[in-house]
Amino acid sequence: KGGDWYAKVGTDKSSGSKLFSVSGDCEKPGVYELPWGTKISELLKLVGAKDTKAVQIGGASGVCIDASKFDRALAYEDLATGGSVMIFGKNRDMLKVLKNFMEFFVEESCGQCTPCRIGNTKLLEGVEMIERGDFTFDYINKLKELGTTMQAASKCGLGQSSPNSFISILENFKDEILNKTEA
């Protein structure tokens with residue numbers, strides 16, 4: 001049908017459609033072709049996701065949003081993504097999710113640049129400190145600042161994007177994570 005027809009799909013700044021690989025806590029995981037601009041809530045309904053707590057947009061190196069942000073759009077002008085969407089139901093422990101992501105990044109770092117090699121290790125150590133209840137809010141805030149530095153100073157995309165989940169999960173699920181450590 002041609003480029004002009006294709007450009008009519010999606011949004012002004014994100015024209016066309018996109019393939020989304022949807023996994024996690026839903027009835028119909030799979031690959032979906034959807035127009036850019038599709039709302040997270042629409043995607044969740046399409047895949048049969050019920051009682052969703054969180055959605056990770058862009059894979060482990062993307063951002064994790066909570067239910068209050070499910071009206072946001074999958075689009076370059078809102079939530080840009082390479083296409084990976086992970087759904088986490090209400091029963092998921094977000095600290096365990098975060099630890100899983102950080103263990104992955106520590107393992108995957110090639111070790112060539114200091115911000116990624118040491119930064120990811122420090123972020124994982126911070127998650128383990130939270131698990132033990134052995135942390136200060138000041139130190140966790142310093143780790144978030146470290147994440148921001150990693151985003152700017154790492155040589156490759158892995159080091160630049162690995163702090164995204166750390167920062168977004170701690171910001172969007174801090175009540176759950178911190179209340180758990182107080183119990």
Side-chain angles (χ1 to χ4, degrees), residues 20-32 39-72 74 79-109 116-148 150-151 158-183:
F20 294 97
S21 174
V22 181
S23 63
D25 298 326
C26 62
E27 293 172 356
K28 299 182 275 185
V31 178
Y32 293 82
K39 302 247 184 246
I40 299 294
S41 58
E42 295 168 354
L43 180 138
L44 293 172
K45 184 176 180 181
L46 179 68
V47 302
K50 296 178 177 76
D51 295 323
T52 302
K53 177 192 292 189
V55 177
Q56 182 82 9
I57 306 295
S61 60
V63 296
C64 193
I65 62 170
D66 62 23
S68 72
K69 298 174 184 78
F70 290 171
D71 62 338
R72 293 186 63 188
L74 295 162
L79 285 171
T81 176
S84 172
V85 177
M86 292 184 262
I87 300 169
F88 299 103
K90 296 244 186 241
N91 63 334
R92 295 291 180 159
D93 181 330
M94 294 310 294
L95 187 59
K96 287 182 181 176
V97 169
L98 177 56
K99 184 176 184 182
N100 182 47
F101 288 155
M102 295 317 305
E103 288 173 338
F104 169 78
F105 289 122
V106 167
E107 179 70 26
E108 291 301 309
S109 175
C116 182
R117 180 182 67 248
I118 295 176
N120 280 312
T121 300
K122 289 293 183 190
L123 297 182
L124 176 57
E125 288 172 2
V127 171
E128 292 168 342
M129 290 171 72
I130 293 170
E131 279 183 324
R132 292 190 307 269
D134 180 29
F135 68 96
T136 66
F137 295 111
D138 184 52
Y139 186 68
I140 298 303
N141 287 331
K142 286 188 187 323
L143 288 177
K144 288 182 188 178
E145 290 174 20
L146 170 63
T148 302
M150 290 170 62
Q151 292 168 329
L158 185 118
Q160 294 165 2
S161 61
S162 60
N164 292 342
S165 57
F166 182 87
I167 293 167
S168 63
I169 289 175
L170 284 178
E171 286 179 0
N172 292 320
F173 300 95
K174 65 182 167 196
D175 291 340
E176 170 190 335
I177 291 169
L178 299 179
N179 286 339
K180 180 180 178 180
T181 60
E182 292 174 357

>> Do K99 and L124 have side chains that approach each other closer than 4.5 Å (heavy atoms only, starting at C-beta)?
In response: yes

> Would you say the side-chain atoms of E176 pair up with the backbone N or O of M94, donor to acceptor, closer than 3.5 Å?
Replying inline: yes

> Is there side-chain contact between F101 and C64, with heavy atoms separated by less than 4.5 Å?
Replying inline: no

> Mind checking whether L43 and V55 have side chains closer than 4.5 Å, heavy atoms only?
Replying inline: no

> From F137 CZ over to K174 NZ, what is the distance, rounded to the nearest 0.5 angstrom?
Replying inline: 9.5 Å

> How many angstroms lie between CG in D66 and CD in E171, if you round to the nearest 0.5 Å?
Replying inline: 11.0 Å

>> Please determine whether side chain to side chain contact (heavy atoms under 4.5 Å, CB included) holds for the pair I57 and I40, giving the CA-CA distance in whole Å, both sets of side-chain angles, and the decisive distance to 0.1 Å.
In response: CA-CA 10 Å; I57 306 295; I40 299 294; 3.5 Å; yes

> For the residue pair G159 and C116, what are the closest heavy atoms and their distance?
Replying inline: CA-SG, 3.7 Å

> Could K122 and E125 be called an ion pair, given the rule that one side-chain N must be under 4.0 Å from one carboxylate O?
Replying inline: yes

> salt bridge (Lys or Arg N to Asp or Glu O under 4.0 Å) with D138: which residues, sequence neighbours excluded?
Replying inline: K142

> Roughly how far, to the nearest 0.5 Å, is the CD1 atom of I65 from the CZ atom of F173?
Replying inline: 8.5 Å

> If every non-hydrogen atom of S165 is compared with every non-hydrogen atom of F105, which pair is closest and at what distance?
Replying inline: OG-CE1, 4.1 Å

>> With no hydrogens and no angle check, just 3.5 Å: does a side-chain donor-acceptor pair link N120 and S109?
In response: no

> For Q151, what residues pass the side-chain contact (heavy atoms from CB on, under 4.5 Å) criterion, not counting sequence neighbours?
Replying inline: T148, P163, N164, I167

> Under a 4.5 Å cut-off applied to non-hydrogen side-chain atoms, are F166 and V127 in contact?
Replying inline: yes

> So with a 6.0 Å cut-off around NZ of K45, is the heavy-atom count from everything else above 12?
Replying inline: no

> In Å and rounded to the nearest 0.5 Å, what is the CG to SG distance from L44 to C26?
Replying inline: 8.5 Å

> How many angstroms lie between CD1 in I87 and CD in Q56, if you round to the nearest 0.5 Å?
Replying inline: 12.0 Å

> Of all heavy-atom pairs between F135 and M129, which one has the smallest distance, and what is that distance?
Replying inline: CD2-O, 4.0 Å

> Does any non-hydrogen side-chain atom of M102 lie less than 4.5 Å from one of E128?
Replying inline: no

>> To the nearest 0.5 Å, what is the distance between CD on E42 and CG on D71?
In response: 10.5 Å

> So F20 and T81, side chain to side chain contact (heavy atoms under 4.5 Å, CB included) or not? Walk me through it.
Replying inline: CA-CA 9 Å; F20 294 97; T81 176; 3.6 Å; yes

> What are the two closest non-hydrogen atoms of M150 and L123, and how far apart are they?
Replying inline: SD-CD1, 3.9 Å

>> For D25 and N91: C-alpha separation, side-chain torsions, deciding distance, then whether side chain to side chain contact (heavy atoms under 4.5 Å, CB included) applies.
In response: CA-CA 10 Å; D25 298 326; N91 63 334; 4.2 Å; yes

> What do the steps show when you test L79 against K69 for side chain to side chain contact (heavy atoms under 4.5 Å, CB included), and what is the final call?
Replying inline: CA-CA 10 Å; L79 285 171; K69 298 174 184 78; over 6 Å; no

> Got L170 and L143 here, is their nearest side-chain heavy-atom distance under 4.5 Å?
Replying inline: no

